[in-house]
Amino acid sequence: MNSKNLLLLVAVCLGCTAAAAESDSVGNKKLPAGAVLMCRQHVHGSSDKPMHIDWQAFGLNEDRERIKHFYQAQFGQPPTREDAQSYTWIFEGKQNELHYSVRTPSANGPWAACSIQATNFEVIVLISNASWPKGR
């Protein structure tokens with residue numbers, strides 16, 4: 001491989017990395033600027049109807065209302081559920097259920113074992129997708 005091809009390959013790979021950082025890998029939606037990946041996990045269960053859950057937790061130092069409006073504009077609808085601690089959008093399919101949740105940080109939650117702690121941020125975005133390969 002000559003140096004020109006190597007340089008082109010490196011430039012292409014850098015572009016891929018930058019593009020991947022702009023969207024999450026669970027629902028493939030745009031992330032708010034400044035989102036920091038705290039951790040991600042794939043969980044699977046075995047039963048008559050096997051289920052898989054992929055999730056990612058992102059931390060942001062932004063106002064929770066601003067992040068709510070960011071996702072509300074992206075999804076074109078208000079949250080499906082909301083309470084004093086979170087705003088959640090739920091999208092149900094035949095074989096999956098996708099959740100986007102904008103939450104107040106706490107030490108507890110699926111992110112508790114992340115190497116980056118939730119309490120370092122003003123807001124947490126939790127994205128999860130439960131899928132049933134054989135249907136629900």
Side-chain angles (χ1 to χ4, degrees):
M1 178 182 292
N2 67 32
S3 61
K4 231 186 237 184
N5 287 342
L6 180 59
L7 183 58
L8 179 60
L9 181 61
V10 170
V12 169
C13 288
L14 288 175
C16 292
T17 302
E22 294 175 0
S23 63
D24 66 86
S25 66
V26 174
N28 201 29
K29 296 293 183 188
K30 186 175 178 184
L31 287 168
V36 175
L37 178 62
M38 295 167 40
C39 62
R40 68 175 133 221
Q41 189 172 22
H42 174 83
V43 182
H44 63 282
S46 58
S47 67
D48 305 1
K49 292 191 174 188
M51 180 171 83
H52 298 270
I53 300 173
D54 290 298
W55 64 268
Q56 291 181 297
F58 293 90
L60 290 127
N61 285 315
E62 294 286 343
D63 179 66
R64 192 166 62 108
E65 288 296 313
R66 189 182 90 61
I67 303 303
K68 170 194 170 188
H69 292 295
F70 172 86
Y71 280 109
Q72 190 165 307
Q74 188 167 189
F75 299 138
Q77 64 186 46
T80 309
R81 288 193 307 223
E82 61 182 272
D83 58 36
Q85 300 299 313
S86 67
Y87 301 107
T88 304
W89 289 263
I90 301 170
F91 305 96
E92 295 182 9
K94 275 186 133 176
Q95 294 183 301
N96 77 311
E97 187 170 301
L98 179 62
H99 288 222
Y100 275 80
S101 189
V102 176
R103 299 182 178 197
T104 302
S106 69
N108 299 324
W111 52 75
C114 296
S115 60
I116 301 173
Q117 294 302 303
T119 52
N120 293 342
F121 301 99
E122 293 179 39
V123 69
I124 303 301
V125 174
L126 180 66
I127 305 163
S128 65
N129 186 45
S131 61
W132 295 266
K134 296 181 179 180
R136 293 181 183 226

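Just so we're clear, the structure is a prediction, and the values are computed from it rather than from any experiment.
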Quick test of your reading: applying disulfide (SG to SG under 2.5 Å), list the pairs with at least one residue in residues 73-110, sequence neighbours left out, ordered by first then second residue. none

Residue set satisfying salt bridge (charged side-chain N to carboxylate O under 4.0 Å, His left out) with Arg81, at least two apart, ordered chain then number -> none

Is a side-chain N or O of Gln74 found less than 3.5 angstrom from the main chain of Lys29, in a donor-acceptor match? no

Please enumerate all residues that pass side chain to side chain donor-acceptor pair (under 3.5 Å) together with His52, with sequence neighbours excluded. His42

For Pro79, the side chain to side chain contact (heavy atoms under 4.5 Å, CB included) test, sequence neighbours excluded, returns Lys68, Gln72, Glu82, Tyr87, Trp89

Using the side chain to side chain contact (heavy atoms under 4.5 Å, CB included) criterion, which residues pair with Gln56? Sequence neighbours excluded. Asp24, Ser25, Val26, Leu37, Arg40, Phe58

Extract all donor-acceptor atom pairs below 3.5 Å that involve side chains of residues 122-131 and protein atoms in other chains or at least two apart in sequence.
unit_1 : atom_1 : unit_2 : atom_2 : d
Asn129 : OD1    : Asn96  : ND2    : 2.9

For Gln41, the side chain to side chain donor-acceptor pair (under 3.5 Å) test, sequence neighbours excluded, returns Trp55

Measure the spacing between CE of Met51 and CD of Gln95 and express it to the nearest 0.5 Å. 14.0 Å

Indicate if Ile90 and Leu98 have the same hydrophobic cluster label, given that clusters are the connected sets of ILVMFWY residues with side-chain heavy-atom separations under 4.5 angstrom. no

Run the side chain to side chain donor-acceptor pair (under 3.5 Å) test against Asn61 and tell me which residues pass, sequence neighbours left out. none

Tell me the closest heavy-atom pair linking Trp111 and Ser106, and the distance in Å. NE1-O, 2.8 Å

Quick note, disulfide (SG to SG under 2.5 Å) partners involving residues 62-123, not counting sequence neighbours, are Cys39-Cys114

Does Asn28 have any side chain to side chain contact (heavy atoms under 4.5 Å, CB included) partners at least two apart in sequence or in another chain, and if so, which? Ser23

Once side chain to side chain donor-acceptor pair (under 3.5 Å) is applied, do any residues pair with Thr88, and if so which ones, sequence neighbours excluded? Ser101

Minimal heavy-atom distance between Leu60 and Gly34, with the atoms involved, is CD2-C, 3.9 Å

Could you state the interatomic distance from CD1 (Ile67) to CZ (Arg103), rounded to the nearest 0.5 Å? 15.5 Å

Mind checking ring pair (Phe, Tyr, Trp, His ring centres under 6.0 Å) for Tyr71 and listing every partner two or more places apart, or none if nothing turns up? Phe75, Tyr100

Would a 4.5 Å heavy-atom cut-off, applied to side chains only, mark Phe70 and Glu62 as touching? no

